[in-house]
Amino acid sequence: MSGIVAVPRAKTKVQTERPRLHKVILFNDDYTPRDFVVTVLKLEFRLGEGRAQAVMMTAHRLGACVVAVYARDVAETKAARATEAGAAKGYPLRFDCEPEE
Ligand code: TYC
């Protein structure tokens, strides 16, 4: 007998979780003009005219609409910039973020 014992090495499997995507949500209000909402959706979120109109009308009718989905920091930056664009004109336009399920 050699006295050498083979001990199996413990394997540590590093599980990196994929960062959760975040939805940007547009909320309706009674004051922001429709065409301004559409302009912000086109400029900040790069939506085409038809998609921007559809998102704006969905928020207008239902109270809120998902605009797009991004990595968390991108979603937060875009939501803040779009909300600020409304505030700069005195509108209560609001965009918010929430994690996707
Ligand atoms: N409800 C607004 C109006 O009638 C238009 C509007 C639509 C405002 C969607 C915000 O997220 C919004 N002028």
Side-chain angles (χ1 to χ4, degrees):
M1 265 250 257
S2 68
I4 298 171
V5 181
V7 180
R9 284 176 190 241
K11 282 193 186 146
T12 347
K13 192 173 172 190
V14 179
Q15 293 265 26
T16 43
E17 278 187 22
R18 210 184 286 276
R20 272 214 281 181
L21 291 172
H22 281 58
K23 300 181 274 192
V24 174
I25 299 161
L26 164 67
F27 293 93
N28 186 39
D29 66 72
D30 292 338
Y31 303 100
T32 309
R34 293 181 188 194
D35 60 351
F36 182 80
V37 180
V38 169
T39 299
V40 171
L41 290 170
K42 285 158 73 177
L43 293 180
E44 187 59 48
F45 300 96
R46 308 226 160 267
L47 301 192
E49 176 70 29
R51 184 79 193 121
Q53 287 281 353
V55 168
M56 181 278 293
M57 282 311 293
T58 299
H60 178 72
R61 291 189 178 122
L62 304 182
C65 183
V66 174
V67 177
V69 170
Y70 303 98
R72 183 180 179 174
D73 57 340
V74 177
E76 284 174 350
T77 302
K78 284 184 179 290
R81 283 172 49 110
T83 299
E84 277 158 22
K89 293 259 186 186
Y91 300 136
L93 185 63
R94 188 163 71 88
F95 292 81
D96 223 332
C97 298
E98 70 175 51
E100 262 200 334
E101 297 79 41

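Just so you know, ligand 1 is whichever comes first in the structure, and atom 1 is the first atom listed for that ligand. Values below: every heavy atom of this structure, side chains too, minus hydrogens, waters and symmetry copies.
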Result block: side-chain N/O donor-acceptor pairs under 3.5 angstrom for residues 39-47, not counting sequence neighbours:
residue, atom, partner, partner atom, Å
Thr39, OG1, Asp35, O, 2.9
Lys42, NZ, Glu49, OE1, 2.4
Glu44, OE1, Arg81, NE, 2.8
Glu44, OE1, Arg81, NH2, 3.2
Glu44, OE2, Arg81, NE, 3.1

Does the cation-pi check pass for Lys78 over Phe95, that is, NZ or CZ under 6.0 Å from the six-membered ring centre and within 45° of its axis?
no

Heavy atoms, side chains only, cut-off 4.5 Å: are Glu100 and Arg20 in contact?
no

So, taking the atom named CG in Leu26 and the one named CG in Asp96, what distance separates them when rounded to the nearest 0.5 Å?
11.0 Å

Once side chain to side chain donor-acceptor pair (under 3.5 Å) is applied, do any residues pair with Lys89, and if so which ones, sequence neighbours excluded?
none

Going by side chain to side chain contact (heavy atoms under 4.5 Å, CB included), name the residues that satisfy it together with Cys97, two or more places apart in sequence or in a different chain.
Val24, Ala75, Glu76, Ala79

For ligand 1, list all ligand N or O to protein N or O distances below 3.5 Å, rounded to 0.1 Å.
residue, atom, partner, partner atom, Å
ligand 1, 1 (N), Asn28, OD1, 2.8
ligand 1, 1 (N), Asp29, O, 2.7
ligand 1, 1 (N), His60, ND1, 2.9
ligand 1, 11 (O), Phe27, O, 2.8
ligand 1, 13 (N), Thr32, O, 2.9

